[in-house]
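Note sheet for the following structure.
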Amino acid sequence: QAARTPWTLPRGRLCGWSRAIYLFMWRPWFRTESVDEAFLRTAPVVLRETFKVNHPASRVWDELTSEHPLTWCRIIGGGVEWTSARPFGVGTTRTVNALAGLSAMREEFFIWEEGSRKAFFVTEASAPLFKRFAEDYVVTPTGDTSCEFTGPISYEPTILGRGPVNKKLLGTLFSDARKHFSTGNA
């Protein structure tokens, strides 16, 4: 009998959801490179959007750091698990499951300015799409009941991660956040 690696399925025993759960539990992880603050501006691909939010900055920040953040994002769908204890800061980690669990990323925060800014880089991903990947969330008060949200996404793709698909999928993070914060859900 051939040797099995953790991501090889037992022959003929798993199908449907049990197959998906097995693959999810035994997925391979691909290490990515760490980044610094300069990478957020100089990465080969930088997607950036800024928009006004009619909610206080503190309310938006609380939602971004809640127990279940980003539930409004279609590609994430509430699959965020903080793997560090509160209070959060530099070194905080979390795991994000995207695309209905088909993709996952382990993240580490390297910038944390409580109430206004947090940035992470991906330490490992379940798909080898990126050499380096980072996001930066900036919440700037513009009044007592409003703020501005800026969310650059910066990455260096591998050969598998090149092309328009990643840009399109990642762009939904901006459109979903804009829609969420503009409908009064925050």
Side-chain angles (χ1 to χ4, degrees), residues 6-7 23-51 60-61 63-84 88-114 116-140 149-181:
W7 51 87
L23 287 172
F24 177 77
M25 291 175 54
W26 295 104
R27 72 176 75 212
W29 287 96
F30 300 91
R31 292 198 73 55
T32 59
E33 299 172 26
S34 63
V35 305
D36 60 14
E37 189 171 359
F39 181 77
L40 297 169
R41 295 179 311 278
T42 62
V45 180
V46 178
L47 308 174
R48 180 183 193 84
E49 192 157 326
T50 299
F51 54 90
V60 173
W61 182 262
E63 190 159 339
L64 292 172
T65 59
S66 71
E67 198 59 38
H68 302 287
L70 308 174
T71 56
W72 65 86
C73 294
R74 288 172 283 171
I75 66 170
I76 295 173
V80 177
E81 177 188 358
W82 295 101
T83 52
S84 293
F88 298 146
V90 171
T92 292
T93 57
R94 70 183 186 183
T95 300
V96 175
N97 291 300
L99 302 173
L102 295 176
S103 176
M105 295 187 288
R106 293 178 176 151
E107 304 169 346
E108 180 178 332
F109 287 85
F110 67 101
I111 295 172
W112 195 284
E113 299 168 11
E114 185 60 36
S116 62
R117 184 179 182 202
K118 61 181 185 151
F120 69 82
F121 64 88
V122 171
T123 59
E124 294 180 301
S126 64
L129 302 176
F130 308 104
K131 292 179 184 177
R132 297 180 291 170
F133 184 99
E135 289 185 34
D136 189 14
Y137 300 91
V138 181
V139 180
T140 307
F149 178 82
T150 304
I153 299 171
S154 308
Y155 63 94
E156 179 181 358
T158 63
I159 290 173
L160 295 175
R162 291 185 185 144
V165 174
N166 278 330
K167 285 183 183 177
K168 179 96 170 142
L169 285 172
L170 293 169
T172 67
L173 295 173
F174 296 129
S175 58
D176 291 350
R178 181 188 301 272
K179 180 178 177 184
H180 174 75
F181 287 121

Practice task
Take Thr150 and Thr140, measure what side chain to side chain contact (heavy atoms under 4.5 Å, CB included) needs, and give me the verdict at the end.
Solution key: CA-CA 8 Å; Thr150 304; Thr140 307; 5.7 Å; no
Exercise for the section: Evaluate side chain to side chain contact (heavy atoms under 4.5 Å, CB included) for Leu40 paired with Ile111, printing each intermediate quantity in order. Expected result: CA-CA 11 Å; Leu40 297 169; Ile111 295 172; 4.3 Å; yes
Practice task
Any chance you could lay out the side chain to side chain donor-acceptor pair (under 3.5 Å) test for Thr83 and Thr95, step after step, and finish with the verdict?
Solution key: CA-CA 7 Å; Thr83 52; Thr95 300; 4.8 Å; no
Exercise for the section: Could you walk me through whether Glu135 and Leu173 pass the side chain to side chain contact (heavy atoms under 4.5 Å, CB included) test, one step at a time? Expected result: CA-CA 11 Å; Glu135 289 185 34; Leu173 295 173; 3.9 Å; yes
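Every residue meeting the ring-ring contact (aromatic ring centres under 6.0 Å, His included) condition with Phe130, not counting sequence neighbours, appears here in chain and number order: Phe133, Tyr155. The ring-ring contact (aromatic ring centres under 6.0 Å, His included) test applied to Phe88 returns Trp82, Trp112, not counting sequence neighbours.
Thr32 places a side-chain N or O within 3.5 Å of a backbone atom of Val122 that can act as its donor or acceptor partner. Looking only at distances, a side-chain donor or acceptor of Ser84 sits under 3.5 Å from a matching main-chain atom of Thr93. Within the 3.5 Å criterion, the main-chain N or O of Lys179 finds no donor-acceptor partner in the side chain of Asp176.
Taking every heavy atom of both residues into account, Ser103 and Leu99 meet most closely at CB-CD1, 4.3 Å. Taking every heavy atom of both residues into account, Phe39 and Ser154 meet most closely at CE2-O, 3.5 Å. Considering all non-hydrogen atoms of both residues, Arg132 and Ser34 come closest at CD-O, 3.9 Å.
Taking CD1 of Ile75 as the reference point, atom CG of Leu70 lies at 9.5 Å (rounded to 0.5 Å). Annotation: the span from Thr172 atom OG1 to Arg178 atom CZ amounts to 13.5 Å, rounded to 0.5 Å. Put simply, CD on Glu37 and CG on Asp136 are 7.0 Å apart, with the number rounded to the nearest 0.5 Å. Rounded to the nearest 0.5 angstrom, Ser116 OG and Tyr137 OH are separated by 15.0 Å. Considering OG of Ser126 and CG of Asn97, their distance stands at 8.0 Å, rounded to 0.5 Å. We find the CG-CD1 distance between Leu170 and Ile153 to be 5.0 Å, quoted to the nearest 0.5 Å.
Counting only heavy atoms from C-beta outward, the side chains of Leu64 and Pro69 never approach each other to under 4.5 Å. The shortest distance between side-chain heavy atoms of Cys73 and Phe174 does not fall below 4.5 Å. Residues Lys118 and Trp61 are in side-chain contact: their nearest non-hydrogen atoms beyond the backbone lie under 4.5 Å apart. No side-chain heavy atom of Pro157 sits less than 4.5 Å from a side-chain heavy atom of Asn166.
Test Lys131, Arg106, Glu124 against Arg31 for side chain to side chain contact (heavy atoms under 4.5 Å, CB included) and you get one pass: Glu124. In summary, of the residues considered (Glu81, Glu108, Glu107, Glu67), a salt bridge (charged side-chain N to carboxylate O under 4.0 Å, His left out) with Arg94 occurs for Glu107 alone.
Using a 30° and 60° split on the angle between ring planes, Trp72 and His180 fall in the parallel class, below 30°.
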